[in-house]
Every structure is written in structure tokens, then in C-alpha cells.
Amino acid sequence: MTTPTADTALEARGLSVHYGDTAAVRDISLTIPKNRIVAFIGPSGCGKSTLLRCFNRMNDLIPAARVSGEVLFRGQNLYAERVDPVEVRRQIGMVFQKPNPFPKSIFENVAFGLRINGFKDDLAERVEQSLRAAALWDEVKDRLDDNALGLSGGQQQRLCIARALAVEPEILLMDEPASALDPMATSRIEDLIGDLKRHYTIIIVTHNMQQAARVSDQTAFLYIGELIEYSDTERMFTNPEHERTEAYITGRFG
Amino acid sequence: MSPAPIAPRGGRFEPRIAHRQRVGRVFHGLCLGAVVFGMLSLVVLIVDVSADGLQVLSLDFLTNYASRIPDRAGIRAAILGSLWVMSLVAVIAFPLGVGAAVYLEEYAPKNRLTRLLQTNIANLAGVPSIVYGILGLAVFVRFFALGRSVLAGALTLALLILPVVIIAAQEAVRAVPGSLREASYGLGATRWQTIRHHVLPVAMPGILTGTILALSRAIGETAPLIMIGALTFIAFDPASPLDAFTVLPIQIYNWVSLPRQEFQLLAAGGIVVLLAALLLMNATAILLRNKYRNEL
């Protein structure tokens with residue numbers, strides 16, 4: 001289904017998630033190539049966010065969720081017994097649907113992840129680098145001590161990206177990062193995602209098919225918890241293999 | 001092409017707008033009446049007590065010990081006793097209450113045992129204070145042999161308000177948005193780091209408000225302290241947690257139960273001081289809450 005690459009960032013094998021008796025994700029296997037952008041698309045409730053949250057063990061925080069199967073990261077199964085989710089989440093960062101900056105200063109938002117992970121070098125320098133990487137530095141450099149909640153929605157989301165980048169993750173998970181933003185802010189975030197590809201592997205969940213088409217290299221289409229199709233984005237949007245994929249991307253349902 | 005939808009037509013209406021508006025005005029009046037009744041009672045109480053109490057209120061009244069002679073009687077020991085007891089109650093009840101609340105909200109598995117604990121905490125909040133007095137007498141005064149001391153009284157009152165502190169703190173912790181916790185965990189924070197840096201700071205205004213309101217309940221408590229034997233004549237300053245003590249409400253109760261008119265005035269003076277202390281505590285609660293809110 002997917003073009004195998006020499007460098008694999010992440011690999012799911014037989015991954016399923018149950019909430020109580022309901023299966024939200026059913027037996028999904030896929031490979032995420034390094035330094036690419038992979039989009040997960042599908043109608044509401046198809047399990048795309050749940051699948052994304054398997055990759056940094058965020059589902060651990062939901063008591064009712066049960067994960068089975070394997071996620072391989074650097075050859076190690078993230079769900080093996082000895083793996084600490086705290087360590088996983090530092091290496092696989094996350095940006096959420098609704099911008100969720102801490103109710104602290106802009107500086108402290110970025111510095112928090114560094115402090116808790118025992119960052120020993122120049123804090124201010126790293127905060128600046130992170131804000132630059134998230135294309136936010138010029139807008140906030142004169143008010144780093146202001147409360148982050150005073151920023152606009154789009155700025156808050158870029159701050160959340162800067163915060164995630166600061167702790168040097170290899171992979172960035174983005175759960176509908178632009179769905180709460182206006183078109184201008186969305187386009188800035190999309191440009192940023194394109195820039196970040198050079199250094200990071202990005203998996204983005206989106207309900208916006210144009211967005212998937214614009215930003216991603218590979219696209220996975222999910223439907224009721226199953227992976228229906230996974231291929232190069234261009235191919236999926238021009239020549240989908242499955243009838244249901246075609247029906248979804250042409251807007252006949254979803 | 002689907003057929004055009006059938007527009008709703010026909011059927012009688014009887015809007016009776018004047019009647020509906022009248023009912024609305026009546027309800028408005030009833031609600032206003034409820035406020036007026038409550039506030040008026042409070043004003044009457046304050047005016048009545050102040051009329052008597054202000055006569056005896058003086059520096060001497062605040063700095064003298066209690067006495068058989070009304071002219072020389074004061075509330076020095078009661079004020080110091082209340083200060084001692086309240087400080088200890090705060091020191092005991094705050095960490096225990098916040099700790100229990102954080103455990104129940106952030107750590108406890110959501111199972112039957114937790115629900116049982118939760119229900120019982122709510123029940124404990126409704127237990128009459130005299131029952132805590134009996135508990136304090138049996139456990140702290142006798143079993144731990146603390147005697148009729150400040151510490152025994154403070155432990156008893158701390159137990160009394162602990163359920164209220166726990167419930168208030170739980171509500172404050174629960175009100176912290178889950179998105180903040182996710183943001184913190186997403187950066188590789190541990191549970192403790194998330195609680196320490198994000199949950200507690202955001203919940204703190206609510207926790208403080210709840211705690212101070214619980215403390216202002218404790219400062220007026222009389223029954224449990226009488227139970228553990230604080231109803232004694234004290235003519236010295238309590239200097240350690242193991243000293244005997246009296247508190248303002250007990251001193252007031254003491255005076256009210258004496259037949260002479262002069263002592264009734266002294267009781268009213270005590271009430272004015274107690275009300276002032278209460279007002280001060282509630283004002284502190286509001287100030288603390290605002291301070292934390294502005295820092296966020």
C-alpha cells in the first residue's frame with residue numbers, strides 16, 4: 001500500500017484501540033516515513049485522532065481506552081512493558097486541536113518543557129530558536145513576559161508548536177491544528193508545517209481534505225476505525241484505489 | 001426533486017401575553033423579597049449587637065483577661081486562643097485537604113472504592129459538629145493524651161472542616177481544563193510536574209477561597225470545643241500548642257449564660273469582635289483569589 005522507504009520514523013503493527021466494548025481503531029498497520037508529512041483523513045468518528053494519540057501514548061490518559069498491537073519507534077515497541085510514556089512524549093511531540101498555551105508568560109510556555117526535562121544550556125537562546133522555528137519570534141520578541149493568553153488564536157497555536165519543538169522531538173503529531181483558526185492563520189500554520197518537514201516527521205490529522213492535499217506527502221484514509229487506503233497524497237487525490245475513498249474525497253459523504 | 005414542504009397553517013393560539021408578563025413580574029418580586037429578607041435580618045442583627053457591643057468595645061476590653069468583675073473583663077485570652085487554634089487548624093487542614101483532593105482527582109482510579117470514599121466525604125461534611133467534639137475528646141484529649149490543649153482543639157476543628165476543604169479543593173482541581181494537562185503531558189512532564197506547575201496554580205484561587213470559608217466556619221464553632229473541655233476560665237496567654245485555652249465563641253457563650261446585664265453587654269462586644277474577624281477572613285479570601293487571578 002505504501003512505498004517502503006529506507007528510513008522509517010514510525011511503524012504501527014496490528015494496532016487496535018477499544019473504548020470499553022467499542023473498537024475505535026481496528027487492526028491498523030502502516031509505516032510513517034522519516035521527514036515526510038503524513039495526513040490522516042476521514043469522516044468524524046473514524047478513529048483518526050485516536051490513532052494519532054497512540055503514537056505518543058496519549059491514550060494512556062483516558063482510563064477507558066485499551067490499546068493492543070505494536071508501535072515501533074527506533075526499533076522499540078512503544079507499548080512494551082518497560083517503556084515510560086513520559087520519555088516517549090518528549091521524543092514524539094504533540095500539537096492539539098484547540099490552542100492550549102499555559103496561562104503563563106510567552107517565555108515560560110516555551111521554557112517549561114526545557115526546564116522539566118533538565119535542559120542545561122542557554123534557556124533564553126533555545127526559547128528564541130524555538131519561537132523562530134515556529135515563525136512567531138518577530139511578533140513576540142518585545143513582549144516575551146506577557147501572558148500567552150493575550151495572543152491571537154493563530155499566534156497561540158504557533159506558540160504551542162514552538163513549545164513542542166523546544167524539547168527536540170523527532171516526530172510531531174498534529175491533531176487538526178488549524179481547525180479552530182481563521183483562513184489567514186490556517187495558511188500561516190500550513191506554511192510552517194511545510195518548513196518543518198526538513199527537520200521533523202509530521203503526522204497531521206485533518207478533516208479538511210484540501211489541507212491534506214496541500215500539505216502532505218502521504219495520506220491515509222480511515223473509515224469506522226479501519227485503514228481503507230494509504231498512499232502518496234497526489235495519487236490518492238487523483239486516482240484513489242477504493243470506491244469509498246473516492247466517495248469521501250469527492251465530497252459525496254463525510 | 002423532492003416535494004415542497006407543507007407550511008404549518010391553522011390551529012388556534014391564545015398568547016395571553018399580559019398574563020405571562022404578570023407572572024414574570026410576580027416571580028421577580030418574590031426573588032427580590034428573598035434577598036431583602038436575608039439582608040434585612042443581617043442588618044437587624046448587626047445593628048442590635050453593635051448597639052450593645054460598641055458600649056464595651058475599648059482597648060481594655062481587647063487586652064484584659066476575663067474577670068468576675070464586668071468592668072475589668074476582656075477577651076484577651078479568647079482572641080489569642082482563637083488565633084492559636086485557627087492558625088493550627090489552617091496548618092493541619094490545608095495540606096491534608098489539598099492532598100486528599102489531588103489524590104481523588106488526579107491519582108485515584110475511577111472505581112467503586114473511590115466512589116465510596118467520595119460519598120463518605122460528602123457525608124462527613126454533614127456530620128453535626130458535636131459529634132466531632134466527642135471524637136476529639138476520645139481520640140486527641142484521652143487516647144493521645146493531649147489534654148484540653150490548643151492542639152487537641154485544633155485537631156478536632158481541622159477534622160471538622162476537612163471534608164469541606166477536600167470538596168472545595170476537588171471542585172477547584174476538577175475545573176482545571178483537561179487541555180492544560182494534555183499540553184503538559186505532551187511535553188514529557190510527569191504527573192507530579194503537571195500537578196505542581198499547572199493544575200495546582202490554576203486551582204489555587206478556588207482552593208484558597210474554599211479553605212478560608214471553611215476556616216470561617218471553624219472560628220465560630222463552639223460545641224466541639226466545649227466537648228473537649230475548652231470551657232474554662234483562662235487568665236493567661238497560651239504560649240504553646242499544649243496549653244489550655246479558650247476561644248471567642250466560648251467566651252461569648254460563657255457571658256451570655258451569666259444572669260447579670262453587664263455580662264450581656266460584654267457578650268455583645270465579643271460578638272462584634274468575632275464578626276470583625278470573620279469579615280477580615282472573608283476579605284482575605286477575596287483578595288487572595290484576585291491576586292492569583294491577576295497573576296494567571
Side-chain angles (χ1 to χ4, degrees), chain A residues 49 52-53 55-64 84-105 108-119 130 147-150 156-157 159-169 172-175 180, chain B residues 1-2 101-118 169-209 288-296:
Chain A
S49 286
L52 187 77
R53 294 163 67 95
F55 295 155
N56 67 343
R57 295 195 53 175
M58 222 51 183
N59 285 328
D60 289 21
L61 303 176
I62 302 165
D84 186 345
V86 168
E87 178 60 20
V88 172
R89 293 182 196 128
R90 195 182 84 79
Q91 292 166 359
I92 304 177
M94 189 156 200
V95 176
F96 299 85
Q97 181 169 4
K98 207 171 141 254
N100 55 355
F102 301 124
K104 299 174 187 284
S105 72
E108 281 305 320
N109 261 277
V110 184
F112 174 72
L114 297 167
R115 290 191 208 275
I116 57 163
N117 285 299
F119 184 70
S130 309
N147 195 312
L149 297 180
Q156 288 188 7
Q157 195 62 301
L159 179 64
C160 292
I161 293 173
R163 180 174 75 182
L165 297 180
V167 294
E168 294 180 70
L172 204 53
L173 309 176
M174 302 181 123
D175 190 357
Chain B
M1 285 296 284
S2 55
V102 166
Y103 175 78
L104 286 170
E105 288 300 319
E106 302 285 322
Y107 290 96
K110 303 274 174 269
N111 58 20
R112 199 179 295 174
L113 181 69
T114 309
R115 279 199 299 278
L116 190 73
L117 276 175
Q118 191 70 66
Q170 266 187 290
E171 265 159 29
V173 167
R174 208 177 302 145
V176 176
S179 61
L180 277 188
R181 293 186 183 86
E182 286 197 328
S184 175
Y185 287 126
L187 290 166
T190 61
R191 200 187 293 242
W192 160 240
Q193 286 171 326
T194 301
I195 292 170
R196 157 81 183 75
H197 293 283
H198 303 294
V199 176
L200 281 182
V202 174
M204 201 42 83
I207 294 176
L208 285 176
T209 311
L288 278 173
R289 187 171 47 191
N290 291 348
K291 176 173 174 284
Y292 270 94
R293 199 166 279 166
N294 291 340
E295 275 173 14
L296 287 181

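The sequence lines fix the lettering, A, B, ..., with proteins before strands; numbering per chain opens at 1.
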> Minimum heavy-atom separation for A:P103 to B:V202, with atom names?
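That closest heavy-atom pairing would be CG-CG2, 3.9 Å.
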> Can you tell which part of A:R115 gets under 4.5 Å to a heavy atom of chain B, answering side chain, backbone, both or neither?
neither
> Is it true that a side-chain atom of A:N117 and a backbone atom of B:L187 form a donor plus acceptor pair closer than 3.5 Å?
yes
> Please look at A:F96 and chain B and tell me whether the side chain, the backbone, both or neither of the residue comes under 4.5 angstrom of a heavy atom of that chain.
side chain
> Measure A:R57 against the heavy atoms of chain B and call it side chain, backbone, both or neither at under 4.5 Å.
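For A:R57, there is no contact with chain B at all, as no heavy atom is under 4.5 Å.
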> Can you pull out the residues in residues 174-183 of chain B with any heavy atom less than 4.5 Å from chain A?
B:S179, B:L180, B:E182, B:A183
> Out of A:L61, A:N56, A:V95, which one racks up the most heavy-atom pairs below 4.5 Å with chain B?
A:L61
> With a 4.5 angstrom heavy-atom cut-off, which part of A:P169 approaches chain B: side chain, backbone, both or neither?
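Neither part, no heavy atoms under 4.5 Å.
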> Suppose we screen for side-chain hydrogen bond (donor to acceptor under 3.5 Å, both in side chains). Which residues come up paired with A:Q156, at least two apart in sequence or across chains?
none
> Checking the side chain of A:K104 only, and the main-chain atoms of B:H197 only, is there a donor and an acceptor separated by less than 3.5 Å?
yes
> Hey, can you tell me if A:F112 and B:H198 have their rings parallel, tilted or perpendicular (30° and 60° cut-offs)?
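Perpendicular: the ring planes of A:F112 and B:H198 meet at over 60°.
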> Could you tell me which non-hydrogen atom of A:R89 sits nearest to which non-hydrogen atom of B:Y185, and how far apart they are?
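Result for this residue pair: CD-O, 3.0 Å.
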